[in-house]
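Indexing begins at 1, ligand by ligand and atom by atom, following the structure's order. These numbers come from a predicted model, not from an experiment.
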Amino acid sequence: MGEQEVKVIGCWGSPFSRRVEVVLKLKGIPYNYKEEDPYISKSPELLKGNPVHKKIPVFIHNGRPLAESQVIMEYIDEAWQGYPILPLDPYQRSRARFWAKFIDEKCITSLSNTLWATEDEYEKLLKEAKENLQVLEKEIEGKKFFGGENIGFVDIVANFIGFWLGCVQEAVGRTIFTKQSYPFLSKWAEEYVSCNIIKENLPPRDRLVTYFKIRIEAAKASN
Ligand SMILES: N[C@@H](CCC(=O)N[C@@H](CS)C(=O)NCC(=O)O)C(=O)O
């Protein structure tokens, strides 16, 4: 490929923009990075790049923007050669997309709902979040990473479970994911965060816990 202009608009504490950065790093693609906290303000460049959802990450390749982290990850994987993010086999590619969809739509959604739930809703939501984690626990049993021996699409999409979940649990003071309840998923998480490229691209833990605590207080104050 010739001269490439690659830019990411992201937020240091966002698992979604970190997904995009990890893919770029695994592929060895140089990029410019613009830090934005979308919960404070949204720049004209962010709104132009993602007018539908108005969220980070926004990925801009030679002036053309894309939004939604999974879509961006797939685009980078198709547009650049090198480290494969999705499996090459069509069936395995579709399986990876299936699990990534399950993680975003079921796991992260139910985990977030549970972590931020009011006391009244908590038990019901907790049950659902635990059932979803149990499904993943079964899927990862006997494997190092979701796609086998190397980090791929599903692992990167599951980064919230691998790192962020523990930080939010600590900030909120609620525990859903433990080693005892999910030994295989916990082993996967340890494996994932100890991989060099991943480790170098994780936000500092203490800073992240403090950031979530501040957001929790702000949410309480506005209620
Ligand atoms: N489905 C989106 C989620 C992105 C997302 O939730 N971004 C958050 C930051 S972590 C955001 O920009 N929120 C701003 C808002 O909701 O107004 C993706 O995968 O890219």
Side-chain angles (χ1 to χ4, degrees), residues 6-26 31 33-61 64-79 85-86 96-116 129 132 136 146 151-172 192 198 201-205 207-223:
V6 176
K7 182 169 181 177
V8 177
I9 306 177
C11 179
W12 67 273
S14 164
F16 305 105
S17 62
R18 294 282 180 170
R19 288 176 180 175
V20 173
E21 288 193 79
V22 161
V23 170
L24 290 166
K25 295 262 166 65
L26 284 168
Y31 62 98
Y33 178 78
K34 185 178 169 203
E35 173 70 23
E36 264 194 45
D37 187 337
Y39 296 106
I40 294 177
S41 68
K42 301 184 193 210
S43 70
E45 193 181 21
L46 187 163
L47 295 171
K48 190 167 168 246
N50 189 359
V52 175
H53 300 296
K54 305 179 175 63
K55 292 184 177 187
I56 56 99
V58 172
F59 179 78
I60 308 164
H61 182 200
R64 298 195 301 176
L66 273 178
E68 286 296 305
S69 60
Q70 285 199 33
V71 173
I72 300 167
M73 290 166 72
E74 289 210 36
Y75 172 74
I76 298 169
D77 200 28
E78 284 179 21
I85 304 299
L86 275 160
R97 291 185 181 113
F98 171 87
W99 284 113
K101 197 170 156 67
F102 175 78
I103 289 165
D104 264 0
E105 291 179 5
K106 291 285 187 179
C107 291
I108 298 182
T109 306
S110 64
L111 285 165
S112 303
N113 289 344
T114 310
L115 288 161
W116 306 106
N132 287 330
L136 271 195
F146 282 93
I151 284 182
F153 194 69
V154 183
D155 305 289
I156 303 167
V157 168
N159 67 355
F160 178 82
I161 297 161
F163 181 75
W164 273 258
L165 182 52
C167 301
V168 191
Q169 288 190 157
E170 190 181 326
V172 180
Y192 182 72
I198 304 302
N201 279 287
L202 291 174
R205 198 176 194 287
R207 190 178 167 204
L208 196 61
V209 173
T210 307
Y211 173 79
F212 284 122
K213 282 186 178 163
I214 293 169
R215 275 192 44 204
I216 294 160
E217 287 311 315
K220 276 188 201 155
S222 69
N223 279 339

K.L.:
Could you report the tightest heavy-atom contact between Phe59 and Val20, atom names first, then the distance?
P.N.:
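Heavy atoms only, the tightest pair is CD1-CG1, 4.1 Å.
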
K.L.:
Should Glu68 be counted as touching ligand 1, given the test is an N or O pair under 3.5 Å?
P.N.:
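The answer is yes, given that Glu68 and ligand 1 share an N or O pair closer than 3.5 Å.
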
K.L.:
If we only count heavy atoms from C-beta on, is the Pro38 to Lys54 side-chain gap below 4.5 Å?
P.N.:
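Answer no - side chains too far apart.
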
K.L.:
Look up atom CG in Asp37 and atom NZ in Lys42, then write down how far apart they are to the nearest 0.5 Å.
P.N.:
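With rounding to 0.5 Å, CG (Asp37) is 10.0 Å from NZ (Lys42).
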
K.L.:
Go through ligand 1 atom by atom and flag the ones less than 4.0 Å from a non-hydrogen atom of Lys42.
P.N.:
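Answer, ordered by atom number: 14 (C), 15 (C), 17 (O).
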
K.L.:
Taking the six-membered ring for Trp, are Tyr33 and Tyr31 parallel (under 30°), tilted (30 to 60°) or perpendicular (over 60°)?
P.N.:
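Correct class here is perpendicular.
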
K.L.:
Looking at ligand 1, would His53 count as a contact under a 4.0 Å heavy-atom criterion?
P.N.:
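Not so, His53 does not reach ligand 1.
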
K.L.:
Which protein non-hydrogen atom lies closest to atom 7 (N) of ligand 1, naming both residue and atom, and how far is it?
P.N.:
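Checking every protein heavy atom, the shortest distance to atom 7 (N) of ligand 1 gives Ile56 O, 2.9 Å.
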
K.L.:
Could you check atom 16 (O) of ligand 1 against the protein and tell me its nearest heavy-atom contact, residue, atom and distance included?
P.N.:
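The protein heavy atom lying closest is Lys55 CE, 3.5 Å.
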
K.L.:
Which of the atoms of ligand 1 are close to Pro57, meaning less than 4.0 Å from one of its heavy atoms?
P.N.:
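Under 4.0 Å from Pro57, ligand 1 has these atoms: 20 (O).
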
K.L.:
Show the atoms of ligand 1 that are less than 4.0 angstrom away from any heavy atom in Ser14.
P.N.:
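Heavy-atom distances to Ser14 below 4.0 Å select 10 (S).
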
K.L.:
Does an N or O from Ser69, backbone or side chain, lie closer than 3.5 Å to an N or O of ligand 1?
P.N.:
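In this structure, Ser69 places an N or O atom under 3.5 Å from an N or O of ligand 1.
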
K.L.:
So Arg97 and Leu86, do their side chains get closer than 4.5 Å, heavy atoms only?
P.N.:
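In short, these two side chains touch, coming nearer than 4.5 Å.
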
K.L.:
Tell me, please, whether Trp12 has Arg207 positioned over its six-membered ring: NZ or CZ under 6.0 Å from the ring centre and within 45 degrees of its axis?
P.N.:
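Output yes; distance and angle both within limits.
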
K.L.:
Just need the protein heavy atom nearest to atom 13 (N) of ligand 1, so name the residue and atom and give the distance.
P.N.:
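Looking at atom 13 (N) of ligand 1, the protein heavy atom closest to it is Tyr39 OH, 3.4 Å.
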
K.L.:
Which pair of heavy atoms, one from Leu111 and one from Leu165, lies closest together, and at what distance?
P.N.:
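Where Leu111 meets Leu165 most closely, the heavy atoms are CD1-CD2, 4.0 Å.
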
